[in-house]
*Asks:* 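Here you go, one structure.
Order of the sequence lines sets the chain letters (A, B, ...), proteins ahead of strands, with each chain counted from 1.
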Number of protein chains: 2
Amino acid sequence: MNLKQLSDKLGLSQTTVSRALNDYPEVNEATRERVKKAAREHNYQPNIRATGLATGKSKTIGHVIPMNSTEVFNPIFGEFIAGASQAYSRCGYELSLTMAHEDAEESIYREIASKGSVDGIIVHAPRVNDPRISLLQELQLPFVIHGRDSSNETDYSWIDMNNRRAFFRATKLLIDLGHKNICLINGRETLNFAWRRRQGYVDALTADHLDIHPELMYSGDLTEANGYSAAASALANTIKPTAFLVSSYVGALGVRRAIHNAGLEMGSDVSVIIHDDELSYFENDGDIPQFTATRSSVRDAGERAALMLIDLINQPNGAAPLTKLLDAPLVLGASTGPVKK
Amino acid sequence: MNLKQLSDKLGLSQTTVSRALNDYPEVNEATRERVKKAAREHNYQPNIRATGLATGKSKTIGHVIPMNSTEVFNPIFGEFIAGASQAYSRCGYELSLTMAHEDAEESIYREIASKGSVDGIIVHAPRVNDPRISLLQELQLPFVIHGRDSSNETDYSWIDMNNRRAFFRATKLLIDLGHKNICLINGRETLNFAWRRRQGYVDALTADHLDIHPELMYSGDLTEANGYSAAASALANTIKPTAFLVSSYVGALGVRRAIHNAGLEMGSDVSVIIHDDELSYFENDGDIPQFTATRSSVRDAGERAALMLIDLINQPNGAAPLTKLLDAPLVLGASTGPVKK
DNA sequence: ATACCCATCCAAAGCGCTTTAAATTTATTC
DNA sequence: GAATAAATTTAAAGCGCTTTGGATGGGTAT
């Protein structure tokens with residue numbers, strides 16, 4: 001069923017039917033009701049490509065997920081997108097997903113822009129000194145970044161949590177508990193979020209005049225396996241950590257395994273603080289959460305980011321960039337305690 | 001830059017330019033080269049909506065992810081989609097993602113179909129007696145299911161692993177090791193895959209004339225937390241299990257925690273076999289994998305499913321359904337051993 | 001009754017592409 | 001060299017929608 005068929009059936013012009021359905025004022029209320037009823041009955045849906053052609057809008061938002069050579073698909077992306085899609089379905093947008101391998105990244109973004117299949121895009125996992133920002137500015141495609149690029153001074157829209165601050169506070173807590181050898185098991189530090197978390201960690205140690213040991217700092221894709229091997233090798237180190245600061249729940253599961261394997265108890269022998277993105281598969285709550293954590297819902301961030309982008313798209317051109325900084329409170333769980341003498 | 005501008009610049013008709021770019025035979029080779037060169041230089045990309053309107057194809061595949069009230073986003077979906085998207089980018093397709101809440105499921109599928117925004121869809125997480133199959137058949141939209149509905153006798157395209165067989169073999173291995181009280185920690189058994197896995201488990205017990213204890217069978221979203229609480233309560237049971245069969249790696253991480261918390265050692269005190277979907281965040285390999293597992297790559301399944309669907313779309317109508325059954329070999333790891341007397 | 005105003009509704013153009021039907025040019029045959 | 005066939009190219013229609021620029025007609029003021 002298309003517009004023509006529907007309007008023929010109603011004995012009206014396509015113009016009137018189209019206007020009735022899109023709530024234009026210049027159509028009689030009785031007519032509008034009649035049209036809407038018929039549309040419902042015949043299950044009429046305007047062809048999205050035709051609408052797109054006519055309006056120049058696609059009502060589609062692109063999400064571009066960077067893939068590096070390790071080919072790891074981070075569950076965080078899924079959770080963020082689940083949040084975003086709630087906003088999309090409320091606002092009548094569709095979601096188009098693209099995986100962009102690092103080596104072809106620029107051409108992928110250019111192609112998306114020139115193909116005109118999306119009205120805007122969400123940029124995931126910004127790096128330190130990320131070339132995508134200026135590229136997208138050049139391409140004139142509205143975008144919102146999940147995260148920031150601290151090294152970029154230009155104006156752009158982003159939503160992020162306060163990574164530096166969160167890890168500063170987490171480190172401070174461990175220091176206050178008497179820990180001196182605190183091992184940081186971080187995400188890839190070419191990524192901006194990880195870089196800022198490390199800053200928070202370093203700043204807190206510095207503030208308390210504690211030594212910074214490079215051999216206590218790990219960085220990489222935070223898989224369970226990597227969390228395990230980082231923690232295992234840290235525990236075998238000459239400078240033996242009494243506490244771990246882990247950038248993700250999943251990585252912390254590996255850390256927990258390493259701690260157990262070393263015959264130690266988490267919470268008493270060794271303290272652990274994680275950052276908890278509140279992934280639905282990895283809830284860390286309850287009366288006493290398993291892990292002490294800085295906490296910030298990535299699903300919520302996804303929903304907010306989507307709404308910001310939709311705002312951006314609907315604003316007249318040259319709109320001021322939107323930004324949102326989320327706080328990640330520190331939640332006490334069972335995995336931290338005073339250092340053992 | 002659009003077709004008209006490009007052809008004006010070249011002094012050719014739109015027809016010829018379009019044909020040159022789409023490799024139609026009726027255009028002079030020299031002309032074709034000239035056109036392609038110009039297109040490259042001006043970074044011309046045909047407008048996808050216009051192409052779609054003209055051809056009636058959208059070159060887009062829809063993935064519809066079911067969301068139930070627990071709002072859990074399974075990492076498996078992400079991994080499957082990562083695989084599928086490889087096929088899409090090779091074949092020039094886009095990927096459109098929709099989250100479908102259970103209560104509005106039918107209308108969402110209907111809307112997708114009538115809006116015509118996709119050429120076909122991938123159906124995730126089929127249930128036992130899944131109404132979506134007949135719905136999609138009625139809607140005449142090509143589709144491939146990741147999984148099957150064993151209760152549906154009609155012909156449709158699917159890709160699945162041999163769930164029953166895999167869990168039969170896994171159970172058999174545990175029985176051979178002397179285990180009698182084997183606890184099944186399964187996914188939601190309204191989902192077909194989980195239902196079939198349970199069949200395999202029950203069949204193996206039955207084949208060896210072992211008792212089937214309902215209190216040794218758990219079913220639910222296989223999160224870490226649920227895996228933990230299921231295993232913890234099983235271990236506190238009067239019929240104390242000496243082995244666990246866990247439907248996912250993530251769930252098994254919770255089971256592992258429960259085992260440790262009970263002061264037991266995995267592999268010696270308690271055996272565990274999991275199903276390993278080879279999620280990139282949860283590798284279970286190495287010389288001796290952490291867990292003994294039935295193994296099947298869900299990313300690979302995603303890629304195959306995508307190719308199947310593209311085949312289906314490009315075949316003349318009334319094409320025979322495509323099906324693919326993947327085997328899930330049993331891989332020995334460190335988590336299994338003979339029962340302790 | 002006349003002029004003017006709204007409230008409604010409609011015909012047709014246009015979005016950027018593909019494809020049919022036809023025209024034009026070039027090559028081949030006798 | 002005329003007739004015919006083959007190779008190229010083009011004009012124009014059409015995909016399904018929105019939107020511009022009128023029509024149409026009843027209501028109101030004069």
*Asks:* Any side-chain N or O of N28(B) less than 4.0 Å from the OP1 or OP2 oxygen of dT8(D)?
*Replies:* yes

*Asks:* Any idea which heavy atoms bring A113(A) and L139(A) closest together, and the distance?
*Replies:*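 Nearest pair, atom of A113(A) first, then L139(A): CB-CD1, 3.9 Å.
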
*Asks:* Does Y24(B) have a side-chain nitrogen or oxygen under 4.0 Å from the phosphate oxygens OP1 or OP2 of dT8(D)?
*Replies:* no

*Asks:* For DNA chain C, which residues of residues 34-43 of chain B approach it to below 4.0 angstrom with any heavy atom?
*Replies:*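 The stretch gives none, as no residue of it lies under 4.0 Å from the strand.
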
*Asks:* Reading nucleotides 10-17 of chain D from the 5' end, what letters show protein touch, with B for base, S for backbone sugar-phosphate only, - for no heavy atom under 4.0 Å?
*Replies:* BBB-BBBB

*Asks:* Report the C-alpha separation of S280(B) and E79(B) in whole Å, then their side-chain angles, then the decisive distance to 0.1 Å, and conclude whether the side-chain hydrogen bond (donor to acceptor under 3.5 Å, both in side chains) test is met.
*Replies:* CA-CA 8 Å; S280(B) 53; E79(B) 197 79 22; 3.2 Å; yes

*Asks:* Name the one of R148(B), H146(B), K324(B) that satisfies side-chain hydrogen bond (donor to acceptor under 3.5 Å, both in side chains) with D160(B)?
*Replies:*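 Checked R148(B), H146(B), K324(B) against D160(B); only one passes side-chain hydrogen bond (donor to acceptor under 3.5 Å, both in side chains): R148(B).
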
*Asks:* Drop me the distance from Y109(B)'s OH to E138(B)'s CD, to the nearest 0.5 angstrom.
*Replies:*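 Answer rounded to 0.5 Å: 14.5 Å.
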
*Asks:* Could you state the interatomic distance from CD1 (I61(B)) to CG (L97(B)), rounded to the nearest 0.5 Å?
*Replies:* 13.0 Å

*Asks:* In whole angstrom, what separates L10(B)'s CG from dT9(D)'s P?
*Replies:* 12 Å

*Asks:* May I have the distance from L6(B) (atom CG) to dT18(C) (atom C1'), rounded to whole angstrom?
*Replies:* 15 Å

*Asks:* When the ring planes of F80(A) and H124(A) are compared, do they come out parallel, tilted or perpendicular, using 30° and 60° as the limits?
*Replies:* perpendicular

*Asks:* Say whether, by atom type as modelled, one donor and one acceptor occur between the side chain of D149(B) and the main chain of D130(B) under 3.5 angstrom.
*Replies:* yes

*Asks:* Would you name the heavy atoms of R299(A) and E71(B) that are closest together and state the gap between them?
*Replies:*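 It is NH2-O, 2.7 Å.
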
